[in-house]
Amino acid sequence: MKDNILSILKNIHEAKTLMEINDLLGLKSVQEYQNLSDIIQELVDEYKVFRTKKDKYLLMTNCPGLKIGKLAINKKGFGFLVLDKEDDIYIAENNLGSAIHGDTVLIEILKKGLKPEGRVLKVIKRGIANLVGEVIVEDGKMILKPDDNKVTLRVFLSRETTSNCVEGHKVLVHLSKNLGNKCYLADVIKIIGHKDDAGIDILSIAYKYDIMPEFNSEVLQELDRIPNEVKNEELIGRKDLTREEIFTIDGADTKDIDDAISLTCKDGIYTLGVHIADVSHYVKENTALGDEAYNRGTSAYLADTVIPMLPHKLSNGICSLNENVVRLSFSCVMNINQKGETVSYDIFPSYIKSRKKMTYTCVNQILEGKNTPEGYEEFAGTLLKMNELAKILRKRKVNRGYIEFDIDEAKVIQDENGRAIDIQKRTRGDGENLIEDFMIAANETVATHISNMAMPFIYRVHDLPNVEKIEDFLNLVKALGYKINTNIKEITPKTMQSLLNELKDKPEFPILSSLLLRSMKKAEYSKTNIGHFGLASSDYTHFTSPIRRYPDLVVHRLLKTYLVEKDFSMSTINYLESALVNIAEHASEREVASIEAERDVNDMKMAEYMESHIGEEYEGVISSVVNFGFFVSLPNLIEGLVHVNTLKGDYYNYVSELLSLIGKSAKKIYRVGDKIKIKVVNASKETAMIDFEVVEDKNDRSKK
């Protein structure tokens, strides 16, 4: 009956009494009416149906003023209700009620329009079961001080689980009992270490996002059965590529190498080989290793700490395409013409022996025409030819609408005690671009092949941007005084590319580029192929990093199913149609967790670094403006807050459409993109916050 009730209510937009619903369903008996009453209550409890104050009922999705979603609270205090297919809804700090970060909540809409606002009515489900924090003692009782300042709970630790705890321990706890009034009892399930021990700060953030450094005993037992070297019988049915000139290019400290490349040229055709570690040979479905890889979803790169998706015996050993050892691989070999078009290709199981583990630093020396590093002499010609092809591929991508945002990334440098001693902007040369271009070519080729077969697959997709958000961005650009000629009536990759090109020479470009990127939707994994907007690609997948990403491992399994085993049975197809939906959703969630953990680590390490630079002055650029102040980005990408209360001599109003603070009396303006000189007045590793004060406004702009 539940489905019938939902079906009836789906097309009703006016609340109905229980008797009216009874009549719509054509129920006759008292027993049926009582059954209806019970089921309606279940639907209310499940928040699928809303009960009004007059005891009438309406499908929750048909209540225009109510929304259910997950709450994401910013460390600045306010939050957003995150919805799958609609814009996020802003929730002011004073409208959060008892809700905390991660909760599933019911809200009412207070303000509609392009920037909707809401208020939390009810917490439907607490979003956190486990917490990470520091053990402190108050009145002889051990309590948890959560690391996440967005979590406003008071957590008491059970006596039975704290016998080995001391004050200052960082611990992972499970909330075991709700004591009411945002108070909980919790059990300690893992002592991470003491807060002053090297590396515990990063591990604490990892545990917060369910990124587990250790592998369970079942995985370790299974690991013992995996060889350290490839056996001859494993080579059967694979193409021997060990005589080919194949090598790898990675960062100097990379140990998990999952991609290698090769190139030959003949009669104007480039034959590009992208050879990827065949992790699927070792990590099977329905095994401890396979289940753990699924649960983790991705490797996490937190400052200089790597928490791998696979144990090191695999990630750094038998699966890693190390120099001068035979490794199992899956190859995508493409014949590409002078226009960058793939005229033919082959995808097949193989085995390779990498000739050299190259580094980006050394490769870039060759590509920039500098001295050839020792040991690279025999490969220099191939590398130059590869760079030639990479530029052809990139030009073709750009011509079709590939969007280059050029967003800078920060690199944290730590000492032997794990303390941040420098923050640097990551450099990117032709070597990094070359690998990116080759990997994209292979990913597109594999995705196109399976898409043409119309078989179940997992794609990397990127949806079209929201028109209203792009219009908001354009209004900001116009407010900064810039005329934009790009017509955005039809939003395409070419449109975004044109927009970026118009802004390229503007002094605020790094900030504007970042803001435009934020206005676009995020890439994710999906069984449904909607294309990749940012790459201007109709077919795209992740095939090239199975050591680090679970979807790539799944892609390899699917390639074997279709191309090697030729399994097109209905039982297989039906299984994959269902399984791939869950895999894509879970992998997307774990990717987000890894990205957020990386961001938290960087914020913490930047604050730690600036703790020793309090009182120093720097020049920076205003990167964002909010109602309580503005953030200033320094050349090394460190950001700090200039609070509005520190701006002397006037009262400042926040003008959201101009992303500006404007003085009420003197009309002095602080806006996005302004150059400014600041002094560091505070920095806290514990809160991951940095505070600046203005020393000098380099623009000295005022309204006259």
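For reference, positions follow the sequence shown, starting with 1. All values below were derived from every heavy atom in this structure, side-chain atoms included, with hydrogens, water molecules and symmetry-related copies excluded.
- Screening residues 469-495 for ring-ring contact (aromatic ring centres under 6.0 Å, His included), with sequence neighbours left out, gives no hits.
- By the side chain to side chain contact (heavy atoms under 4.5 Å, CB included) test, Ile530 pairs with Val461, Asp463, Thr528, sequence neighbours left out.
- The salt bridge (Lys or Arg N to Asp or Glu O under 4.0 Å) check on Arg119 picks up Glu108, with sequence neighbours excluded.
- Side chain of Asn399 to main chain of Lys395: a donor-acceptor pair is present (N/O by atom type, distance under 3.5 Å, no hydrogens or angles).
- The main-chain N or O of Ala593 is never found under 3.5 Å from a side-chain atom of Glu596 such that the two would form a donor-acceptor pair.
- Using a distance-only test at 3.5 Å, with no hydrogens or angles considered, a donor-acceptor pair links the side chain of His462 to the main chain of Gly534.
- Contacts of Lys605 classified as salt bridge (Lys or Arg N to Asp or Glu O under 4.0 Å), with partners at least two apart in sequence or in another chain: Asp201, Glu608.
- Within the structure, salt bridge (Lys or Arg N to Asp or Glu O under 4.0 Å) contacts touching residues 492-505 (residues at least two apart or in different chains) are Asp406-Lys504.
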Expected list for residues 635-644: side-chain donor-acceptor pairs under 3.5 angstrom, two or more places apart:
| residue | atom | partner | partner atom | Å |
| --- | --- | --- | --- | --- |
| Asn636 | OD1 | Ile638 | N | 3.2 |
| Glu639 | OE2 | Ser623 | OG | 2.4 |
| His643 | ND1 | Asn645 | N | 3.1 |

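- Taking the centre of each ring, Phe156 and Tyr184 stay at or above the 6.0 Å mark.
- Ser660 meets the side chain to side chain contact (heavy atoms under 4.5 Å, CB included) test with Leu658, Ile662, Ile669, Arg671; sequence neighbours excluded.
- Remark: Arg296 pairs with Glu292 by the side chain to side chain donor-acceptor pair (under 3.5 Å) rule, at least two apart or across chains.
- Looking at Glu619, its side chain never comes within 3.5 Å of a backbone N or O of Lys677 through a donor-acceptor pair.
- Residues Ser684 and Ala607 come closest through the heavy atom pair O-CB, 3.3 Å.
- For Lys70, there are no salt bridge (Lys or Arg N to Asp or Glu O under 4.0 Å) partners at least two apart in sequence or on another chain.
- Partners of Glu138 according to the salt bridge (Lys or Arg N to Asp or Glu O under 4.0 Å) rule, which considers only residues two or more places apart in sequence or in another chain, are Arg154.
- Sorted by first then second residue, the salt bridge (Lys or Arg N to Asp or Glu O under 4.0 Å) pairs that include residues 640-652, not counting sequence neighbours, number zero.
- Scored by the side chain to side chain donor-acceptor pair (under 3.5 Å) test, Glu134 finds Lys195 as partners (sequence neighbours excluded).
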